[in-house]
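Report on one structure; see the data block that follows.
Because only heavy atoms are used, hydrogens play no part in the values below, and waters and symmetry mates are left out as well, while side chains stay in.
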Amino acid sequence: MTSHPPGPSPAGDRPTPQSLRQQYESGATVKELMTVSGLSYGTLLNRLKGAGTVMRTSWQTRRMRADPEARRRLAAHLRTLYEEHGATLTELASAAGGTRAVARGLLIEAGGTVRTTQQTLQIRVAGRAAERQKLAQSLRVKYEAGATVPVLAKECGYSVGTVYRLLRQAGTRMRAQHRHGPAGQMSKR
């Protein structure tokens, strides 16, 4: 990322929308690109937007130029959150203190690939299933050590029925149920 305007294009060379985008994403301002390319403001904006450029505000440009290494670190952090933890663009925007478009731009800048909504849902479902399996295994260990289902339910904040389902999911061999109450008394119906 540079804090200096890009050098002038050779005479007769019209910059491509992709080269304009690359210069803009490297820190050049619209005004600097207008000077270098000879394009009008409107034409330049149309070409940048046509190339899929995520536009930034002047304060974002100042912040980017002030510490380009911090921007690279933020972009790498967002990519990690996105790819390894299944974060959404909205969550990335919140973490970056910007908009979804800014978060998306930083993600792409760090070499990340934007997922579809369906892919994000699949990641989330798989993550929840893994957490649920882990909980089921921990409940099994406690149950096999002698804990009762009602105690486990109270401990983890789930219903007794859910704890039974989790124990069955973990392959737990259930103890025989016994009636609570005075011995020798049969309930009358």
Without placing hydrogens or testing angles, list every side-chain donor-acceptor pair under 3.5 Å for residues 96-104, not counting sequence neighbours.
residue	atom	partner	partner atom	Å
Thr99	OG1	Ala101	N	3.4
Thr99	OG1	Val102	N	3.2
Arg100	NH1	Thr90	OG1	3.0

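- Other residues sharing the hydrophobic cluster of Val125, ordered by chain and number and joined by side-chain separations under 4.5 Å: none, the residue standing alone.
- Distance OG1/Thr16 to CZ/Arg21: 11.5 Å, rounded to 0.5 Å.
- Through direct or relayed side-chain contacts under 4.5 Å between Ile, Leu, Val, Met, Phe, Trp and Tyr, Leu121 connects to no other residue.
- Separating the CG atom in Leu167 from the CG atom in Leu152 is a distance of 6.5 Å, to the nearest 0.5 Å.
- Looking at heavy atoms from C-beta onward, Val151 lies out of side-chain contact with Lys142 at the 4.5 angstrom threshold.
- Counting only heavy atoms from C-beta outward, the side chains of Leu78 and Leu107 never approach each other to under 4.5 Å.
- In this structure, the side-chain hydrogen bond (donor to acceptor under 3.5 Å, both in side chains) partners of Arg165, at least two apart in sequence or on a different chain, are Thr162.
- The hydrophobic cluster containing Leu39 also contains Met55, counting ILVMFWY residues as joined when their side-chain heavy atoms lie under 4.5 angstrom apart, directly or transitively.
- Within the 4.5 Å cutoff, the side chain of Leu20 has no heavy atoms near those of the Thr53 side chain.
- Between Ile123 and Arg115, the shortest heavy-atom contact is CD1-CD, 3.5 Å.
- Between Glu25 and Glu109, the shortest heavy-atom distance links the atoms O-OE1, 4.3 Å.
- Residue pairs meeting the salt bridge (Lys or Arg N to Asp or Glu O under 4.0 Å) criterion with at least one partner in residues 33-58, sequence neighbours excluded, are absent.
- Side-chain atoms of Thr43 do not come within 3.5 Å of backbone N or O of Ser40 as any donor-acceptor pair.
- Put simply, Leu33 and Tyr41 are part of the same group of oily side chains (I, L, V, M, F, W, Y) that touch within less than 4.5 Å, one to the next.
- Residues Ile108 and Leu74 are members of one and the same hydrophobic cluster, defined by side-chain heavy-atom contacts under 4.5 angstrom among Ile, Leu, Val, Met, Phe, Trp and Tyr.
- Nearest heavy atom pair, residue Leu92 against residue Ala87, reads CD2-CB, 4.1 Å.
- Atoms CZ and CZ, from Arg168 and Arg140 in turn, are 14.0 Å apart once rounded to the nearest 0.5 Å.
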Throw together a table of side-chain donor-acceptor distances under 3.5 angstrom for residues 130-137, partners on residues two or more places apart or in other chains.
residue	atom	partner	partner atom	Å
Gln133	OE1	Gln169	NE2	2.9

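- The minimum heavy-atom distance linking Val163 with Ala153 is given by the pair CG2-CA, 3.5 Å.
- The two residues Tyr143 and Val149 come nearest to each other via the heavy atoms CE1-CG2, 3.7 Å.
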Passes side-chain contact (heavy atoms from CB on, under 4.5 Å), Val114 versus Tyr82? Steps please.
-> CA-CA 9 Å; Val114 180; Tyr82 192 73; 3.8 Å; yes

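- Two residues are said to be in side-chain contact when any heavy atoms from C-beta on lie closer than 4.5 Å; Leu139 and Glu155 fail this criterion.
- Ala76 approaches Ala110 most closely through the heavy-atom pair N-CB, 4.0 Å.
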